[in-house]
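The structure appears right after this line, and notes come after that.
Values in this document were obtained by computation on a predicted structure and should not be read as measured data.
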There are 4 protein chains.
Amino acid sequence: MVSKQEQRSEETKKSILASAGVLFSSRGYDAVTMRDIAKEAGCSHTTIYIYFKDKEALLHQLSMPPILQLLEQVDTLLSEDSPPSDKLQAISLRVIEFCLVNRNMYNLFFTVKSVRVDEQTPEMAINQARNKLFGKLTESIQAVLGLNSQDEQLLLYTRIYFFNLYGIIATYSNSDETVEQLMGRLQPTFAESFEVLLIGIRSKVK
Amino acid sequence: MVSKQEQRSEETKKSILASAGVLFSSRGYDAVTMRDIAKEAGCSHTTIYIYFKDKEALLHQLSMPPILQLLEQVDTLLSEDSPPSDKLQAISLRVIEFCLVNRNMYNLFFTVKSVRVDEQTPEMAINQARNKLFGKLTESIQAVLGLNSQDEQLLLYTRIYFFNLYGIIATYSNSDETVEQLMGRLQPTFAESFEVLLIGIRSKVK
Amino acid sequence: MVSKQEQRSEETKKSILASAGVLFSSRGYDAVTMRDIAKEAGCSHTTIYIYFKDKEALLHQLSMPPILQLLEQVDTLLSEDSPPSDKLQAISLRVIEFCLVNRNMYNLFFTVKSVRVDEQTPEMAINQARNKLFGKLTESIQAVLGLNSQDEQLLLYTRIYFFNLYGIIATYSNSDETVEQLMGRLQPTFAESFEVLLIGIRSKVK
Amino acid sequence: MVSKQEQRSEETKKSILASAGVLFSSRGYDAVTMRDIAKEAGCSHTTIYIYFKDKEALLHQLSMPPILQLLEQVDTLLSEDSPPSDKLQAISLRVIEFCLVNRNMYNLFFTVKSVRVDEQTPEMAINQARNKLFGKLTESIQAVLGLNSQDEQLLLYTRIYFFNLYGIIATYSNSDETVEQLMGRLQPTFAESFEVLLIGIRSKVK
DNA sequence: TATGAATGAGTGTTCATTCAT
DNA sequence: GATGAATGAACACTCATTCAT
C-alpha cells in the first residue's frame, strides 16, 4: 500500500513530466524554461530538481518510455502472420501516429544533436532505440521488396521510403488538430502515399 | 542622386543583413546574438537597431529576398520549353537546394509561427510568397499528371508529392555537410525518389 | 536510566556532529551542504534541524569539545615536573597539532568573526576558552623567561612567540598532507624554530 | 585628450575594482556576490561583465598590479647600498605592510588554491610573481646569514624566518585598525621579532 | 523522533534593448 | 548616423530551511 505522501509525490512528478511534455512539444525544448514547467505543473521550479537532475534529464525521461513502447508495438506488428506489405503499412502508420502524438518531441528521436562524448548514457540509449527502429523498418521494407540485404537498391529505396514517412510527420507535426482528427482525416492519404510509392519502387526493382 | 552618406548607410544595412543571414543559417536564430551579428558586420550592436526594429525584424527582412528570388527562378523554369516532368524535377531540386541553403531558416517559410495580430505585414508577405510557391508546384504537378485542376486526385497526389519533397528537406536540414556536398552526393537519390513516386502515381491516375 | 529512544537519539546527534566535523575539516564550512552532512551521518537532512538550530550552530557545537580537550591537555603538560622550556616546547607542538587537525576550523578559534549581539553565548564560550589558552601559553613563556608578569618585556616577547606559532599554523593549514605526515616531517623544524627564537629572546632579556 | 564618456567608463571600472577589493578583503572571495560588488560600486551587476570576463577575472586583475608593484619595491630595496641585515629588515617590513594593505587578499598570493591545469595563464602569473618574491627574500636571508645557497641550513632558517613573517601578517590581517595605525604602533615589535630571531639563528649558524 | 516534499532567496552569467553622447 | 555605456529581465541551478505527516 502506498502512503498519501508517496501518492502526492508521484502525482507531482507526473504533473511535472506531463507539463514538460506539453510545453516541449508546443514551444520547443530551448524556448521552455524550468519556471514555465513549474508554473504549468503547479509547483515551485526548485521542486523539479527534486525529481529530475536537470532540464536535459527531464527531456530524456520524457522521451525514453514512449519510444520503448513504440519499439514493442513494432515488434508485435512484425511478428504477426500477415503479408509483408500489410505489415509495412501498419508499422508506417503506427510510427506516424507515434510521432504526431509526441509532436515536436520527435526531433529528439530523429536528429542526432548534442551527443556529448563524455557522458554518453542517456543519448546512447535514445540512439540505440532509434537505430533499432530504423533497422526494423528497413527489415520490413526488405521483406516487401524481396531484396537481398546487401543489395544497393535496398539502401536507396529505404531512403526514399523514409523521405515519404518523414515528410508526412514533418508536415503535420505543427498542426493544431488532435492526432485522432489528423489520423481519422488523413489515414487514407497516408496509406495511398505508401501504396503508390511502393508501386513505383517495385516497377524499378523488377 | 544618392549622397555618399546614404550610400555608406545602405552598405552598413546590407552588411548587417548579410551577416545575420550567414549566422542564422549556420548556427540557428536563437543561438546567434546581436553582438555576433554586429561583429560579423563590422559595426556596433546598437547600430543594428537603427535599421531594424529588433532581432525578429532582421529575420523577416532576411527571409523575403531569397524567397522572392526562388519564386522568380521557379517562374523561369516553368516558362522553359521542356517536358512538364523535366520541369517538375528541376523545380523540385531547386526548392530542395533553396531550403538546404537557408537551412533552419526554412522553418520560417513552412511553419506559421508566432503570427502577432497587431503587426501582421511581414508574416503576411511570407505567407503570400509561400502560397505562391505551393501554387506553382501544384500547377507543375497538374501539368505532369494531366489532371483537371478541380480533380480531387490532384489534391491527393500533390499532397503526396509534397510529403516526399518535405521529407528530403527535413532529413538533411540538420546535416553538417555543405549544400554542395549534399546535392553532389544525393541529387541522383532525390531524382530517383521523384521518378518512382511519379511512376506510382501515374499508374493510379491512369 | 536512559530509554532506548533517548539512546538512539543521542547516537544520531553524535553521528551528525561527527560527520559535520569530518566534512567541515576536509572541505571547509561553506563548501559543505546540510545534505552532505546528512548523507554522511546516515539520516535525513531535516533531522539535523531537530538537534541543531542551523548550520552555524553545528559549527559552534563542533568547536567546543576539541578546544576544551586541548585546554585539558595543556593543563596536564603544565603540571608535569619538567623544565619550563620543555613544557613550553611540548605545549607549542600540541597547539600546532591541534590546529592542523582542526584545519580551517581553527579560524573559528582565532578570529572573532560574526559576533551577534543577541545570542552571544556560543561565541562567548569560545572566546573564554581561547583566552584561557592564551593565558596558559603566556604563563608558560613567563616561566621560561623568568620574567615578572607585569614586565613590559613579557608582553613583547609573548607576542613574538605567538608570531612564530601562528605563522607555522597558517603556513600548513592549507596543506593537503595529513597531520601525521606534516608533524612527522616538520616537527624538528618547528622545534628548532622555537629553540632559536628563545635563544634570541633570552639574549635580550638578560 | 580623453572624452567624457571614456572618463566615465574608466571611473566605473575603477569603482568596480575598488568595491571588489574592499569586499573581497573584508568578507572573502566566495562570500561576496557580483550583486554586492555592483551595489557598492553603484552600478548594475551586469555592468561588471562589460569590464571583466567573470568573477575570477576580477580577483586576478585586482591582485596582479599590487604584487608587481611590491616586487619592484623589493628590487629597489635589494639594490640599495646598505648592510644586508638592514635590507632584509626593510624588505620584511615592506612585505608586511603590503599584505596588511591588501588584507585578506594576501591569501591569494600565499595559498596555492585552485590552480586549474587547463587554463593556466592568470594563476601562473601570480604563481610566478609569488615565487619571485620568495626567491628574493631567500636571497636576502642568505646574504645576512652568509650561507652557501646549497646549505641545508639555509632552507631551514629561511623557513623559520617565514614563520615569523607569515605569523605577523596572519595575526593582524583581521584587525580593524588602519595599516598606518598598525604599522605605527607595532613596527618596533615587528623589528624586534626579526632581530631576536636573527640573533638566535646566528648563534646556531656559527 | 524523524522524514520526504516543497520552496524562496540567491548564485553567476547572458542577452536584447535603451540612452546619452 | 553611429556607438560605448549601462541595464532589467531572464536563464539553469543550488541551498538552507520549513511544513505536513
Side-chain angles (χ1 to χ4, degrees), chain A residues 3-13 30-38 41-56 58, chain B residues 3-6 8-10 12-13 30-38 43-56 58, chain C residues 3-6 8-10 12-13 30-38 43-56 58, chain D residues 3-13 16 30-38 42-56 58:
Chain A
S3 73
K4 258 179 201 166
Q5 263 207 32
E6 274 171 339
Q7 206 174 315
R8 274 233 321 147
S9 168
E10 201 57 33
E11 264 172 36
T12 305
K13 185 173 180 178
D30 282 332
V32 173
T33 76
M34 295 301 261
R35 277 169 168 87
D36 288 339
I37 298 169
C43 69
S44 163
H45 63 281
T46 57
T47 301
I48 301 176
Y49 290 94
I50 297 172
Y51 299 101
F52 305 93
K53 189 184 158 291
D54 55 19
K55 199 182 172 189
E56 217 176 326
L58 244 180
Chain B
S3 72
K4 258 178 198 165
Q5 265 210 15
E6 275 171 340
R8 272 226 333 136
S9 169
E10 200 57 32
T12 306
K13 186 174 179 178
D30 282 331
V32 173
T33 75
M34 295 299 260
R35 278 177 162 81
D36 289 339
I37 299 168
C43 68
S44 165
H45 59 283
T46 55
T47 302
I48 302 176
Y49 290 92
I50 299 171
Y51 299 102
F52 305 93
K53 187 182 161 294
D54 56 18
K55 200 181 171 189
E56 214 177 330
L58 246 180
Chain C
S3 72
K4 258 180 198 164
Q5 263 210 17
E6 277 171 340
R8 272 227 330 136
S9 169
E10 199 58 31
T12 306
K13 186 174 180 179
D30 282 332
V32 173
T33 75
M34 294 301 261
R35 277 178 162 84
D36 289 338
I37 298 169
C43 70
S44 164
H45 58 283
T46 55
T47 303
I48 301 177
Y49 290 92
I50 298 170
Y51 298 103
F52 305 93
K53 187 185 162 289
D54 56 19
K55 200 181 172 189
E56 214 177 330
L58 245 180
Chain D
S3 74
K4 257 180 201 164
Q5 264 207 31
E6 275 172 339
Q7 206 175 314
R8 273 230 326 142
S9 169
E10 200 58 32
E11 265 173 36
T12 304
K13 185 174 181 179
I16 290 168
D30 283 331
V32 174
T33 77
M34 296 301 262
R35 283 168 172 85
D36 289 339
I37 298 168
C43 67
S44 164
H45 63 281
T46 56
T47 301
I48 301 177
Y49 289 92
I50 299 173
Y51 299 102
F52 305 94
K53 190 184 159 289
D54 54 19
K55 199 183 173 189
E56 216 176 327
L58 245 180

Once you apply a heavy-atom cut-off of 4.0 Å, does Y51(D) come out as touching a base, just sugar-phosphate, or nothing?
sugar-phosphate
Counting the atoms with a prime plus P, OP1 and OP2 as sugar-phosphate, which does T47(A) contact under 4.0 Å by heavy atoms, base, sugar-phosphate, or nothing?
base
Who are the side-chain contact (heavy atoms from CB on, under 4.5 Å) partners of [X], not counting sequence neighbours?
{"X": "T33(B)", "value": "R35(B), D36(B)"}
{"X": "T46(D)", "value": "S44(D)"}
{"X": "Y49(D)", "value": "M34(D)"}

Toward the 5' end of DNA chain E, which comes first, D54(D) or I50(A), by nearest nucleotide?
I50(A)
By nearest-nucleotide position on DNA chain E, the 5'-leaning member of T46(B) and S44(C) is S44(C)
Range on DNA chain E touched by chain A - first to last nucleotide, heavy-atom distance under 4.0 Å:
dG4(E) to dG10(E)
CD of E10(B) to NZ of K13(B), rounded to nearest 0.5 Å, is 6.0 Å
Euclidean distance, E56(B) CD relative to K53(B) NZ, rounded to 0.5 Å
8.0 Å
Divergence of helical axes at both termini of the helix from dA2(E)-dT21(F) to dT21(E)-dA2(F) - five pairs an end, 10° steps
40°
Mind listing the closest non-hydrogen atom pair of I37(B) and L58(B) along with its distance?
CD1-CD1, 3.9 Å
Could you pick out which residue, K55(A) or S9(D), lies toward the 5' side of DNA chain F when each is mapped onto its nearest nucleotide?
S9(D)
Rounded to whole Å, how long is the line connecting atom [atom1] of [X] with atom [atom2] of [N]?
{"X": "Y49(D)", "N": "dG8(F)", "atom1": "OH", "atom2": "C1'", "value": "15 Å"}
{"X": "H45(D)", "N": "dT7(F)", "atom1": "NE2", "atom2": "P", "value": "10 Å"}
{"X": "I48(A)", "N": "dT14(F)", "atom1": "CD1", "atom2": "P", "value": "13 Å"}
{"X": "L58(A)", "N": "dA12(F)", "atom1": "CG", "atom2": "C1'", "value": "12 Å"}

Hey, can you pull the residues of residues 30-38 of chain B with a non-hydrogen atom under 4.0 angstrom from DNA chain F?
R35(B)
Within the distance-only criterion (no hydrogens, no angle test), does the side chain of T12(A) pair as donor or acceptor with the backbone N or O of R8(A) below 3.5 angstrom?
yes
